[in-house]
Amino acid sequence: MRLMVLPCDGIGPEIMEATLDVVRAAGAKFDLGLTFEEEISGFDSLKTHGITLREEVLERARNEFDGVILSTQSHMDYPPVAEGGRNVSAGFRIGLDLYANVRPARSRSFLPNKAPDMDLVIMREATEGFYPDRNMFKGVGEMMPDPDMALSVRKITRYGSMRICREAFKLAMQRKKKVAAIHKANSFLMTDGLFLECFRDVAKDYPEVETEELIVDAFAALLVRQPQNYDVVVATNFYGDILSDLASELSGSLGLAGSINANAETGLCCAQAQHGSAPDIAGRNVANPTSLILSAAMMLSWLGEQRGAPKLMEAGRAISDAVDAVIDDPAKRTRDIGGTVNTDAFGRLVAEHLSAMSLAE
């Protein structure tokens, strides 16, 4: 099984190395036959090739690899697109049609958090919405008719809405059979109205699943007040992005939030940390690699489920369990969650715990 590895920018190379320590340990433990090949993207690619993400990389990811581990990028610091500053994350999501951005948020009893009973998954559509680099056939969806006016176009399609809603209901069938659709149809009558129409159409195929429709601003408040009421949450791109960060921080830390981008029809999956590149601490070996580690675990589990490969699913669960076992000990935590452990040391601790686990554990 071949995995493409892209260390990218900021703390990306550091958290990638820690993640690979863990994934290699899982590969050995479960005899997965993993091989890794590094590709450059971000600033390294800009210096070498004049662009942050080459089409060749996307083609190789699509045709030559089983999965992708994509580390953090410094998009805000890239030059304009015309000068090679392509959004790497969007490039993968659009280029590989990875429409399902899956973002779990789970509180841990042994870590401080603001939502003790949270255990939900936000299913975010990732290929359209309010994002200007992914809602036009040519050009971008933002424009300035004059220096004092800026306009932005939002795209919501039936095709995009139906398939993300299907994924949400499929996931709900594996969990508590509850799905909440997040919208602002009281203001966006046509765009969010279309999304809700699709949600209701898909719901007809899943009569055993309990559904709820919530206005986005009200849901943000309810997520703080009663997080235990929600299980699978489906949202368009912009809402899902904001709400998933809120949920992750309430559950403990954005640094503990795993994330994958996937397409169930093509079988393509990309693991990606939910947080940014933190250039202010890059190179200091103090970043928390947990988000990328858990994202890689999610990718293995997802690929295992898609392919009917139990060992991949077991490896994903084992990585997640090993992370929890390590951070359960305050002396083994990284600085952002109250400890003193460095990035590389944390990766080794998780890898060592994983290697020592019994397969029945």
**Report entry** Closest non-hydrogen atom pair between Trp302 and Asn263, with its separation
**Finding:** CH2-O, 3.4 Å

Report task. Please determine, by modelled atom types, if Asn342 and Arg284 share a side-chain donor-acceptor pair under 3.5 angstrom. Result -> no

Query raised in the report: Donor-acceptor pair, Asn113 side chain versus Leu111 backbone, under 3.5 Å?
Result: yes

Requested in this report: Mind running side chain to side chain donor-acceptor pair (under 3.5 Å) on Tyr78 and Asp9 for me, showing each step along the way?
Outcome: CA-CA 11 Å; Tyr78 290 169; Asp9 308 313; 2.4 Å; yes

**Report entry** Test: Arg62 and Asp97 ion pair at under 4.0 Å
**Finding:** no

Query - Exam field: side chain Arg93 to backbone Ala126, donor-acceptor pair closer than 3.5 Å - result: no

Query raised in the report: Any side-chain donor-acceptor pair under 3.5 Å between Gln274 and Asp245?
Result: yes

Query raised in the report: Name the one of Thr127, Val68, Asn261 that satisfies side chain to side chain contact (heavy atoms under 4.5 Å, CB included) with Leu98?
Result: Asn261

Query raised in the report: With the threshold set at 4.0 Å, does a side-chain nitrogen-carboxylate oxygen contact exist between Glu37 and Arg60?
Result: yes

Query raised in the report: Taking atom types as modelled, is there a side-chain donor on Thr334 or Asp336 under 3.5 Å from an acceptor on the other?
Result: yes

**Report entry** Short side-chain to backbone donor-acceptor contact, Ser248 and Ser244, under 3.5 Å
**Finding:** yes

Requested in this report: Check for a donor-acceptor pair, side chain of Asp146 on one end and backbone N or O of Asp148 on the other, with a separation under 3.5 Å.
Outcome: yes

Report task. Please name the pair of heavy atoms, one in Lys178 and one in Ala172, separated by the smallest distance, quoted to 0.1 Å. Result -> O-CB, 3.9 Å

Query raised in the report: Would Glu125 and Arg134 pass as an ion pair if we require N to O under 4.0 Å?
Result: no

Query raised in the report: Does the ring center of Phe169 lie less than 6.0 Å from the ring center of Phe199?
Result: yes

**Report entry** Pair Ser45-Thr52, side-chain donor/acceptor within less than 3.5 Å
**Finding:** no

Requested in this report: I would like to know whether Met299 and Ile69 meet side-chain contact (heavy atoms from CB on, under 4.5 Å); could you show each step before the answer?
Outcome: CA-CA 9 Å; Met299 179 192 67; Ile69 306 178; 4.0 Å; yes

Report task. Return yes if some donor-acceptor pair links the side-chain N/O of Ser291 with the main-chain N/O of Ala257 below 3.5 Å, else return no. Result -> yes

Report summary line: For Leu151 and Pro145, the nearest pair of non-hydrogen atoms, with its separation, is CD1-CG, 3.7 Å

Report task. For the residue pair Asp192 and Tyr239, confirm or rule out a side-chain donor-acceptor distance under 3.5 Å. Result -> yes

Report task. Mark yes or no for whether Ser71, through its side chain, and Cys8, through its backbone, hold a donor-acceptor pair below 3.5 Å. Result -> no

Requested in this report: Check the pair Leu292, Met16 against side-chain contact (heavy atoms from CB on, under 4.5 Å), reporting the backbone distance first and the verdict last.
Outcome: CA-CA 7 Å; Leu292 191 59; Met16 180 64 80; 4.2 Å; yes

Query raised in the report: Do side-chain atoms of Arg124 reach the backbone of Asn237 as a donor and acceptor pair under 3.5 angstrom?
Result: yes

Query raised in the report: Between Tyr131 and Arg154, is there a cation-pi geometry (under 6.0 Å to ring centre, at most 45° from the normal)?
Result: no

**Report entry** Rounded distance (nearest 0.5 Å) linking atom CE of Met4 with atom CG of Leu70
**Finding:** 10.5 Å

Query raised in the report: Taking the six-membered ring of Tyr206, is the NZ or CZ of Arg200 close enough (under 6.0 Å from the centre) and on axis enough (within 45°)?
Result: no

Report task. For Gly258 and Pro104, work out which heavy atoms get closest and say how close. Result -> O-CD, 3.4 Å

Query raised in the report: Do Gln73 and Ser41 have side-chain N/O donor and acceptor atoms under 3.5 Å apart?
Result: no

Query raised in the report: Got a salt bridge between Asp241 and Arg103, using NZ or NE/NH1/NH2 to carboxylate O under 4.0 Å?
Result: yes

Report task. Mind listing the closest non-hydrogen atom pair of Ala168 and Val232 along with its distance? Result -> O-CG1, 3.6 Å

Query raised in the report: Do Ser295 and Ser259 pass the side chain to side chain donor-acceptor pair (under 3.5 Å) test, and can you show the C-alpha distance, the side-chain angles, and the key distance before you say yes or no?
Result: CA-CA 5 Å; Ser295 299; Ser259 172; 5.4 Å; no

Query raised in the report: Is any side-chain N of the basic residue among Glu210 and Lys177 closer than 4.0 Å to the acidic one's carboxylate O?
Result: no

Query raised in the report: Under 3.5 Å, is there a donor-acceptor pair between the side chain of Thr157 and the main chain of Gly160?
Result: yes

Query raised in the report: Would Phe188 and Phe195 count as a close aromatic pair, with their ring centres under 6.0 Å?
Result: no

Query raised in the report: Judged by atom type as modelled, is there a donor-acceptor pair below 3.5 Å linking the side chain of Glu14 to the main-chain atoms of Ala287?
Result: no

Report task. Salt-bridge test for Arg106 and Asp119: reply yes if a basic N is under 4.0 Å from a carboxylate O, no otherwise. Result -> no

**Report entry** Check ion pair Asp66-Arg307 (N to O, under 4.0 angstrom)
**Finding:** yes

Query raised in the report: Does His183 use its side chain to pair, donor to acceptor, with the backbone of Ala185 at less than 3.5 Å?
Result: yes

